[in-house]
Amino acid sequence: MEFADRQPIRISDVHDEGYAPGRYFARGWVKTHRRSKNVAFIELTDGTSVKGLQLVINPSLSSYLVAEAQIGTGAAIEVSGQLVPSPAKGQKFEFQVEEFSLVGSCDPETYPLQKKGHTLEFLREQLHLRPRSNTLGAVFRIRSAASFAVHKFFRDRNFIWVHTPIITTSDCEGAGEMFRVTTLDLSNPPRDDKGHIDFSQDFFKDEASLTVSGQLEAEIFALSHMNCYTFGPTFRSENSNTSRHLSEFWMIEPEMAFCDLRGDMKVAEDFVKEVVRSVLQECAADLEFLHAREWVEADTAKVLEQVSETRYGVMTYDEVINELQKSGRKFEYEPHWGADLQAEHERFITDEVVKGPTFVINYPKEIKAFYMRLNEDEKTVAAMDLLVPRLGEIIGGSQREEREAVLRSKIEANGMPPELYWWYLELRKFGGVPHAGFGLGFERLLMYLTGIQNIRDVIPFPRHPGYAKF
Ligand code: 4AD
Ligand code: MG
């Protein structure tokens, strides 16, 4: 019989009482193995649950005896036997093994993961093994469930999912934080008569980069399909070695036609609430496990309930600056009109002024991207950031500039070549309408859900300045 012919039980479903007692196969990896004279116990995991399945073995079972010395933590096994109600406390079922098979041994001398818990820092050096740890195992199940919740939210509202390009020739944020994509010989690139690198001889006959955002291309689809969204990897070469920044992260970017800033905020609030609610429901056991870790703030579960239920506050940038200035607080960065908000300012607003998630709107145009719609005061733009307690910015969005002349002058004022954005400008000429959208950093949302403090622990393969292993 081949592996594929045997249907193993799913351990998470066993805990949810999805199986009646009876004869089954079980397979997975050994978490712990201990034996006494008359009985041996193995805790088995199959990656579906923090809680393993308790295997009970008669040590004289010959298929067990031949393998016994090699059944250490991490070894892969398959067993058949009886699932029966357990007399032991803390578990409803146990599995009495009748046939034992060692599929892959695991050298206990060199296997880096031990029974005892490891620090997240240590696990970061074991990217190939850390999904097997309880903590990261739970995080990545939650990541998967949250991805589906994201798609479900948009599908239920008839947004189409657009696959925007990963290799691009436009800089959406205009911030020059792009990774170059080239096949030119770096030691001897072709040059034009001015001595500049001649990208017309490059693979794409153009200067190409990895995308920092799918927004500009998503706008194309909002103006054909009304409501759309992207969900994919984005890349930024900003040199931010912080616990909230990655060089490769996943972003969700909805874009809505016939929509203004109010409508944009409405979608954003509904979206965050529904994804949080859905993960709270679907990943209850994993969240409970994570929220009980010593490095998670004690009331994380309560804060999440709040995020999924209360109305979010709205403050203008002007009001925020006023609040900060009149607070009498000594900030590391003195708040003043025209400067970007620092994490300490954001935290003061969400944790002490509003005491909950807060949209900050109408930022000075100088500190925001070129595509945001200029307000009537001509000093601010129709931007919105959603700040959440503890974490700060989780969403950045805006109503887009739909007036061609205004947009053109903003592109020029930003020192960007308008001829590169000809198609973006044409969208304003050919049936352009007010439209708006936002971007949610998927890993920021996952930090919020899990209580994990470092963004490198919520993505399977983190990339950040100085690091791109695997
Ligand atoms: O505020 P940002 O830069 O906005 C945009 O990219 C717009 N084009 C979005 C839009 O309107 N369609 O980024 C959006 C969000 C941030 O709020 C943050 O959550 C996340 O993306 N983000 C990062 N997450 C991890 N690492 C980084 N380096 C990030 N930069 C932004
Ligand atoms: Mg932003």
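Note that ligands are numbered from 1 as they come in the structure, with each ligand's atoms numbered from 1 the same way.
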So, is the end of the [X] side chain (NZ or CZ) under 6.0 Å from the ring centre of [Y] and within 45° of the ring's axis?
| X | Y | value |
| --- | --- | --- |
| Arg293 | Phe289 | yes |
| Arg428 | Tyr424 | yes |
| Lys368 | Tyr317 | no |

(message) Distance check, rounded to the nearest 0.5 Å: Glu255 atom CD versus Gln215 atom CD?
(response)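 One gets 5.5 Å once the value is rounded to the nearest 0.5 Å.
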(request) Output the distance between atom CD (Glu217) and atom SG (Cys172), rounded to the nearest 0.5 Å. (result)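 The distance works out to 7.5 Å.
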Any nitrogen or oxygen of [X], side chain or backbone, less than 3.5 Å from one on ligand 1?
| X | result |
| --- | --- |
| Glu255 | no |
| Val212 | no |
| Leu246 | yes |

Closest non-hydrogen protein atom to [atom], residue and atom name please, with distance?
| atom | value |
| --- | --- |
| atom 21 (O) of ligand 1 | Met251 SD, 3.5 Å |
| atom 22 (N) of ligand 1 | Phe249 CE1, 3.5 Å |
| atom 1 (O) of ligand 1 | Glu393 OE2, 3.2 Å |
| atom 6 (O) of ligand 1 | Arg236 NH2, 2.8 Å |
| atom 12 (N) of ligand 1 | Glu253 OE2, 2.7 Å |
| atom 20 (C) of ligand 1 | Gly441 CA, 3.6 Å |
| atom 11 (O) of ligand 1 | Arg400 NH2, 3.0 Å |
| atom 15 (C) of ligand 1 | Gly439 O, 3.6 Å |

(request) Give me the one residue out of Phe442, Phe271, Trp161 that meets ring pair (Phe, Tyr, Trp, His ring centres under 6.0 Å) with His151. (result)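 That would be Trp161; it is the only one of Phe442, Phe271, Trp161 passing the ring pair (Phe, Tyr, Trp, His ring centres under 6.0 Å) with His151.
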(request) Under 2.8 Å from the Mg ion (ligand 2), which protein N, O or S atoms are there? Could you list them by chain and number? (result)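 Listed by chain and number: Glu393 OE2.
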(request) Check Thr316, Asn362, Asp318, Asn375 against Thr380 for a side chain to side chain donor-acceptor pair (under 3.5 Å) and give me the one that passes. (result)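 The option that passes is Asn375.
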(message) Tell me the contacting part of His245 for ligand 1: side chain, backbone, both, or neither, using a 4.0 Å heavy-atom threshold, strictly below.
(response)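 Both backbone and side chain.
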(request) Over 60° means perpendicular and under 30° means parallel, so classify the ring planes of Phe470 and His128, tilted if in between. (result)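 The arrangement is tilted - the two ring planes meet at 30° to 60°.
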(message) The criterion is side-chain contact (heavy atoms from CB on, under 4.5 Å); which residues satisfy it with Glu309, sequence neighbours excluded?
(response)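 So Glu309 forms a side-chain contact (heavy atoms from CB on, under 4.5 Å) with Glu305.
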